[in-house]
Amino acid sequence: MQIKKLLPTLLAGLLLFSCQQQSTTTNSKAVETIAQSNHQWTGVAVSNSNRIFVNFPFWSDNTPVSVAEIVDGKAVPYPTKNWNNRNNPDGFLAVQSVFVDKQNHLWVLDTRNAQFRGVDSIGPVLYQFDLQTDKLINKYNFDNKEYTKNSYFNDVRIDNTDQTAYITDSGNGALIVLDLKSGEAKRLLDEHSATHAETDYLVVNGKMWKNSIDADGIALSPNRKHLYFTALSGHTLYRIPTSALQSKSITKKQLAASIDTVMHIPATDGMLFDDQSNLWMGGLENNSINVLQNNGKLVQIIQDSIIHWADSFSKDTAGNIFFTTSQIHLQPENRKAYDILKINPVKLNPKPLNKILIAITSHGLLGETGDSTGYYLSEVSHAYYTFIEAGFQITFTSPKGGKSPIDGMNMKDSLNKKFMNDKEAQQAIENAIPANQVNPSEYRAVYYAGGHGTMWDFPQNKALQQASRKIYEDGGLVSAVCHGPSGLVNIKLSDNNFLLKNKTVAGFTNEEENAAGLDDVVPFLLESKLKMRGAQFKKSPVFQKKVVSDHRVVTGQNPASAKGAAERIVELLTFSTTGK
């Protein structure tokens, strides 16, 4: 991966180079430390004969080697010392990644962008080495129309059958497609949002890491039909058909239309498909490794304090997964030795990332009218069964916890009736967790159910706001229906901006509040407040359904929108392996 703004920190933190073998395992007993270095590495690649290669990015004059092989626990310059002599015009300069293909060739991607000072006159270079002879087979240079001055060619995947290389540009977002037979390359999707950063910061272990990195992680599906990619500063996993990328006649519009949004994910750096078509990814926010399984479900494979920024992934012939820890997010004084870690998947017990938090009001009085209110039943029941049927686990929370008052008790609604007679559902909602006891790390989404009661207790509840911020900044979704968006109006993110700033949202409209005769009863008009927070408000005619989704914020206008909002949440958090 690439760093644009933290070079002074990196320079201060890079230590003398050393590497040693370590056979101990962490307390998880599933992660083994294969090698360590006092110098920062990013890429790792394991050959068909289980040779291990690494690269050290040129982020400091003190970087002693670009590419090395781990031999008896030591990093030996590869293929020779002269190749790693930066004064050698034919040698490596600023290598960012290494990759071994199915034909046992080592590919070395040189950014030629030393210390992020800009790409030099040679331009990025892709090298191909034969690991049988350790000799160079091919060298691919790129025309300056395929890169910009600020480009940082980050990671590469090779399709041996179609003789194509796929590369991400994390410095100036794009995908680079190289025809290995002709040597011709093309720069694609450089104007599309999918290849660009979604945010300018991540929150790692509760601390802000401010940076904006474009297309970074990349993985080629085992059937070679799709290329998966993501921006490092972002939480969206995309894929695109390789046939579209290879096409010589496709238009920009057609290429953009061929992109699939796979799902929203915790932030990751590198990515890797294993032999069972499971996609391995990091979990940068919380020292974890996550896998998008071949059944379309996202699971957490492991979370361990030893995993400091999982950077690059590879696998050996036995199916073990290797990755580097580059500790990008830490200040130099807080860094330990950089690791190459190995995971044995057989020893792991994956944890499904399938929990959704439903927030309901604790407030039961409709202002000073003397009338009762509460959470609106259909906005809970319709969402609840949509989530359950999609395989999600539900936890209820409220500002006070325990049993909450109910409004909208329409028993002609079949899902309302089902919910009220569902012992498991009633047990869960009548024992809602107090908001200050929620562990937000357990959830991929929070859904604020509406009902007029929310207008009095949601906006002021700091615990709900903090939990929602954590869920959102970990790559999850924040959602709300009808009056539920009242819980969103005071949520601030780590950059001190309101969550709703520049987001397109829906919610109970001023016209609907007037039609209900309560515009003088509620403490504020929701539509007006959402606009005050910088949101772009979209609406349908009075009491007609409307669902809006924008940058992991899903909102619905009224009770009629609850099911649609829940369905949109499910769509964003799951991936159908059929029909896509």
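Note that the numbering runs from 1 along the sequence shown for the chain. Please read all numbers here as calculations on a predicted model, not as lab measurements.
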- Task: Compute whether any side-chain donor of one residue and acceptor of the other, for S528 and N510, lie under 3.5 angstrom apart.
- Result: yes

- Name all residues meeting the side-chain hydrogen bond (donor to acceptor under 3.5 Å, both in side chains) criterion together with S540; count only those two or more places apart in sequence or in a different chain, and write none if there are none. none

- Message: I need the full list of ring pair (Phe, Tyr, Trp, His ring centres under 6.0 Å) pairs touching residues 467-493, with sequence neighbours left out, sorted by first then second residue.
- Response: H452-H483, H483-F508

- Name all residues meeting the ring-ring contact (aromatic ring centres under 6.0 Å, His included) criterion together with F322; count only those two or more places apart in sequence or in a different chain, and write none if there are none. none

- Message: Is it the case that the side chains of D159 and T164 hold a donor-acceptor pair, with the cut-off being a distance below 3.5 Å and no angle test?
- Response: no

- Heavy-atom distance under 4.5 Å between the side chains of M281 and L298, does that happen here? yes

- side chain to side chain contact (heavy atoms under 4.5 Å, CB included) between K539 and E512: does it pass, once the steps are laid out? CA-CA 11 Å; K539 56 186 174 182; E512 286 171 328; over 6 Å; no

- Query: Partners of H264 by side-chain hydrogen bond (donor to acceptor under 3.5 Å, both in side chains), sequence neighbours excluded?
  - Reply: T236

- Item | Close side-chain approach of P345 to Q276, heavy-atom, < 4.5 Å | no

- Message: If the threshold is 4.0 Å, N to carboxylate O, is there a salt bridge linking D550 and K503?
- Response: no

- Message: Using a 6.0 Å cut-off, check whether atom NZ of K186 has over 12 heavy atoms from anything other than its own residue.
- Response: yes

- With sequence neighbours left out, what residues match A197 under side chain to side chain contact (heavy atoms under 4.5 Å, CB included)? S212, D214, S233

- Using the test side chain to side chain contact (heavy atoms under 4.5 Å, CB included), find all partners of Q254 that sit at least two apart in sequence or belong to another chain. I250, T251

- Note on the structure: Taken to the nearest 0.5 Å, the spacing of L284 CG from I265 CD1 works out to 9.5 Å

- Heavy-atom check, side chain of I218 versus side chain of L227, under 4.5 Å: yes

- Verify the neighbour count for atom CD of Q163: are there more than 12 heavy atoms of other residues, nucleotides or ligands below 6.0 Å? yes

- Query: Do the side-chain N and O atoms of N286 and D474 include a donor-acceptor pair separated by under 3.5 angstrom?
  - Reply: no

- Pairing residues for F273 by the ring-ring contact (aromatic ring centres under 6.0 Å, His included) criterion, not counting sequence neighbours: Y228

- Message: Contact between Q465 and R469 at the side-chain level, heavy atoms closer than 4.5 Å - yes or no?
- Response: no

- Is L189 close to I259 at the side-chain level, that is, under 4.5 Å between some pair of heavy atoms? yes

- Residues at least two apart in sequence or cross-chain that pass side chain to side chain contact (heavy atoms under 4.5 Å, CB included) with K355, listed by chain then number, are Q393, E442, Y443

- Message: Quick check on K149: does its NZ atom have over 12 non-hydrogen neighbours (other residues, nucleotides or ligands) under 6.0 Å away?
- Response: yes

- Residues N150 and T148: side-chain donor-acceptor under 3.5 angstrom: no

- List for me each residue that meets side-chain hydrogen bond (donor to acceptor under 3.5 Å, both in side chains) alongside S561, sequence neighbours excluded, and say none if there are none. N558

- Task: Ignoring hydrogens and angles, tell me if any N or O in the side chain of S151 forms a donor-acceptor pair with the backbone of F153 under 3.5 Å.
- Result: no

- Query: Any side-chain heavy-atom pair from K538 and K546 closer than 4.5 angstrom?
  - Reply: yes

- Are a donor atom and an acceptor atom from the side chains of T230 and D216 found within less than 3.5 Å of each other? no

- Message: Under 3.5 Å, is there a donor on one side chain and an acceptor on the other for Q246 and Y166?
- Response: yes

- State whether Y127 and K139 meet the cation-pi test: NZ (Lys) or CZ (Arg) under 6.0 Å from the six-membered ring centroid, and within 45° of the perpendicular axis. no

- Message: Can you tell me which residue among L464, T555, V505 is in a side chain to side chain contact (heavy atoms under 4.5 Å, CB included) with L488?
- Response: T555

- Task: Would you check if F323 and D311 make a side-chain contact, meaning some heavy-atom pair closer than 4.5 Å?
- Result: no

- Query: Is any side-chain heavy atom of N138 less than 4.5 Å from a side-chain heavy atom of L180?
  - Reply: no

- Message: Classify the ring geometry of W41 against F56: parallel below 30°, tilted from 30° to 60°, perpendicular beyond 60°.
- Response: tilted

- Message: To the closest 0.5 Å, what do you measure between CD1 (I491) and CG (L500)?
- Response: 7.0 Å

- Query: Would the number of heavy atoms belonging to other residues, nucleotides or ligands and lying under 6.0 Å from NE2 of H551 be above 12?
  - Reply: no

- Task: State which residues pass side chain to side chain contact (heavy atoms under 4.5 Å, CB included) with N502; sequence neighbours excluded, sorted by chain then number.
- Result: none

- Message: Against L202, only a single residue in K207, M208, K210, H235 fulfils side chain to side chain contact (heavy atoms under 4.5 Å, CB included); can you say which?
- Response: H235

- Go through D155 and F229 one step at a time and tell me if the side chain to side chain contact (heavy atoms under 4.5 Å, CB included) criterion holds. CA-CA 10 Å; D155 209 348; F229 62 98; over 6 Å; no

- Task: Please identify each residue that fulfils ring-ring contact (aromatic ring centres under 6.0 Å, His included) with F99, with sequence neighbours left out.
- Result: none

- Who are the ring-ring contact (aromatic ring centres under 6.0 Å, His included) partners of Y147, not counting sequence neighbours? none

